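Everything numeric in this text was worked out from a predicted model, so none of it was measured.
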Amino acid sequence: MGGGSAVPRYSQIVGELRRRIEAGELAPGDRVPSTREITRQWGVAMATATKVLTELRREGVVHAVPGVGTVVTAVPTNPAAATPASTPAHSPAHAPASPVSRAARPARSAAPARPGAPSDATAGGQTGLTLARIVRAAVLVADAEGLAAVSMRRVAAELGVATMSLYRHVTDKDDLLVRMMDAAIAERPLPTEPPPGWREALEVAARQLWGLFRIHPWLAPALSLTRPQLITSALAYSEWVLEALHARGLDDQTAFTAHLTLLNYIRGLAQNLETEREAEAQSGLDSEEWMDTQESAFQSTLDGGRYPGLARLAKSGYDLDLDGLFEFGLQRLLDGLAVLLGEGDTSGD
């Protein structure tokens, strides 16, 4: 051991990645090399690469984002405002960063009847308990732990009130869920004026909806295509797409079919966000770590030569990025709509 480096190989790689993060070469939110990229770049075994990311996560330097990979963690300027450990790692910076607060929030005037966004008005004479507080508490529980964690009893516990007191404001859990979806979608209203082109207009709506699903992973599974809930804030999205396509000459039936196709593409892809979060919570492994456990089984299947295309892909590596997959699919769907609208060149937009 004399004269040689006593620093383990994985520690050297951890130090290199930490240096790049501290130097700003890898900014908060940037993806760090995946385990497969580490094995290729540094010539180490998969177990060593996995140990590198595990150590960086343990230090709090990086965290896993479902559908994206492992990214650099933002360091809060105020340590007291740091995101608690229970906050889901995939939430964007503008998602709620604190657990459900039991402190009362200021009340405002009268609560509207559903449908509509909740207000802070009190009802039933219970001082401090408002419809808006109930909905916000339920949304924060769903954001942090998934929709399965939301129950009337749980929401009441977060607010420090009796379960039955919630029924002064909401009819039942289904009523609460609709209000949760309405409030979540209302957080990001569409622009007042749409862009001039139909394609640009649909891109705005699609990316905004994808962003909402990113903030609230439970939202996509909660929405129903076959039994659509009356969500007032979501109607603006439908109207936006219908008008953009109607202006290009599509009849209402075809325009609405195109709208549902686009909506269900985004919603279907976004459902992976919640299922991945649930799988990670149950297994204790993120998607990359789980894939590592399956690698030998996949490789033994591919070694037979029956699937040469997949074997080539396994050799070169493929890092799944749901954001990239979303954008790729969005553009191909819009290319198809361009053909339907009679536009010859679909490659320039």
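No donor-acceptor pair closer than 3.5 Å links the side chain of Ser11 to the backbone N or O of Val7. Between the Trp240 side chain and the Ala201 main chain, a donor and an acceptor come within less than 3.5 Å of each other. No donor-acceptor pair under 3.5 Å is formed between the side chain of Asp30 and the backbone N or O of Leu26. Judged purely by atom type and a 3.5 angstrom limit, Tyr307 has no side-chain atom pairing as donor or acceptor with the backbone of Thr301. With hydrogens and angles disregarded, no donor-acceptor distance shorter than 3.5 Å links the side chain of Lys315 to the backbone of Leu310. A donor-acceptor pair is defined here as one N or O able to donate and one able to accept, closer than 3.5 Å; such a pair exists between the side chain of Gln208 and the backbone of Pro189. The closest donor-acceptor contact from the side chain of Arg31 to the backbone of Val71 lies at 3.5 Å or more, if one exists at all. The backbone N or O of Thr257 sits less than 3.5 Å from a side-chain atom of Thr261, completing a donor-acceptor pair. Gln229 places a side-chain N or O within donor-acceptor distance of the main-chain N or O of Ser224, the cut-off being under 3.5 Å. Put simply, the side chain of Asp182 gets close to the backbone of Ser233: a donor and an acceptor are under 3.5 Å apart.
Judged by a 6.0 Å distance limit and a 45° cone about the ring axis, Arg332 is positioned over the six-membered ring of Phe328.
The closest side-chain heavy-atom distance from Met180 to Leu147 is below 4.5 Å. Between Leu322 and Asn272 the shortest side-chain heavy-atom distance falls below 4.5 Å. You'll find the side chain of Trp218 reaches within 4.5 Å of the side chain of Val139, heavy atoms only.
Leu325 and Trp210 fall within a single hydrophobic cluster, where Ile, Leu, Val, Met, Phe, Trp and Tyr are joined by side-chain heavy atoms under 4.5 Å apart, directly or via other members. A single hydrophobic cluster is seen to contain both Val178 and Tyr167, as judged by linkage of ILVMFWY side chains at heavy-atom distances under 4.5 Å, directly or through other members. One hydrophobic cluster, built from ILVMFWY side chains closer than 4.5 Å, holds both Leu313 and Leu320. Cluster membership for Tyr318 and Leu302, using ILVMFWY side-chain heavy atoms within less than 4.5 angstrom, is not shared.
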*How far apart are the C-alpha atoms of Arg277 and Glu145, what are their side-chain angles, what is the distance that settles it, and do they pass the salt bridge (Lys or Arg N to Asp or Glu O under 4.0 Å) test?*
CA-CA 9 Å; Arg277 179 167 69 170; Glu145 301 176 37; over 6 Å; no

*Check step by step if side-chain contact (heavy atoms from CB on, under 4.5 Å) holds for Gln12 and Trp42.*
CA-CA 10 Å; Gln12 296 174 22; Trp42 280 276; over 6 Å; no

*After noting the C-alpha distance and the side-chain angles of Tyr237 and Leu263, does the key distance pass the side-chain contact (heavy atoms from CB on, under 4.5 Å) rule?*
CA-CA 9 Å; Tyr237 281 81; Leu263 169 64; over 6 Å; no

*Which is it for Glu55 and Val61 under the side-chain contact (heavy atoms from CB on, under 4.5 Å) test, yes or no, and what are the steps along the way?*
CA-CA 9 Å; Glu55 176 62 19; Val61 178; over 6 Å; no

_Using salt bridge (Lys or Arg N to Asp or Glu O under 4.0 Å), reason through Arg214 and Asp323 one step at a time and then give a plain yes or no._
CA-CA 9 Å; Arg214 268 283 188 202; Asp323 291 318; 3.2 Å; yes

*Check the pair Ile13 / Gln41 against side-chain contact (heavy atoms from CB on, under 4.5 Å), numbers first and verdict last.*
CA-CA 10 Å; Ile13 302 172; Gln41 289 182 30; over 6 Å; no

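Around the CZ atom of Arg207, the shell of radius 6.0 Å holds more than 12 heavy atoms that belong to other residues, nucleotides or ligands. The local environment of CD in Gln253 is sparse, with at most 12 non-hydrogen atoms from other residues, nucleotides or ligands closer than 6.0 Å.
Nearest approach of Ala220 to Arg267, heavy atoms of both residues: O-NE, 3.2 Å. Closest non-hydrogen pair, Lys173 versus Val150, comes out as NZ-O, 2.7 Å. Nearest heavy-atom pair across Phe298 and Met291 is CE1-CE, 4.1 Å. A pairwise comparison of heavy atoms in Leu337 and Ala258 identifies CD2-CB, 3.7 Å as the closest pair. Taking each heavy atom of Gly60 and Thr73 in turn, the nearest pair found is O-CB, 3.6 Å. When all heavy atoms of Val204 and Pro195 are compared, the closest pair comes out as CG2-CG, 4.1 Å.
Ion pairing of Glu22 with Arg19 is absent here, as no side-chain N (NZ or NE/NH1/NH2) approaches a carboxylate O to less than 4.0 Å. Note on Asp335 versus Arg199: salt bridge recorded, some NZ/NE/NH1/NH2 to OD/OE distance being below 4.0 Å. Residues Glu158 and Arg133 are not paired through a salt bridge, judged by the lack of any N-O separation under 4.0 Å between the basic side chain and the carboxylate.
To the nearest 0.5 angstrom, Leu53 atom CG is 4.0 Å from Ile38 atom CD1. From Leu212, atom CG reaches atom NE2 of His216 across 6.5 Å, with rounding to the nearest 0.5 Å. Interatomic distance, CG of Leu340 versus CG of Leu245, reported as 8.5 Å (0.5 Å rounding). Atom CG of Leu330 sits about 11.0 Å away from atom CG of Leu209, to the nearest 0.5 Å. Note: Ile185 CD1 to Met181 CE = 7.5 Å, rounded to the nearest 0.5 Å. Going from atom OG1 of Thr70 over to atom CG of Leu56 covers 9.0 Å, rounded to the nearest 0.5 Å.
Side-chain contact annotation: Asp251 with Thr254, donor-acceptor N/O pair under 3.5 Å present. Side-chain polar atoms of Thr130 and His169 form no donor-acceptor pair below 3.5 angstrom. Side-chain N/O atoms of Glu203 and Trp198 include no donor and acceptor closer than 3.5 Å.
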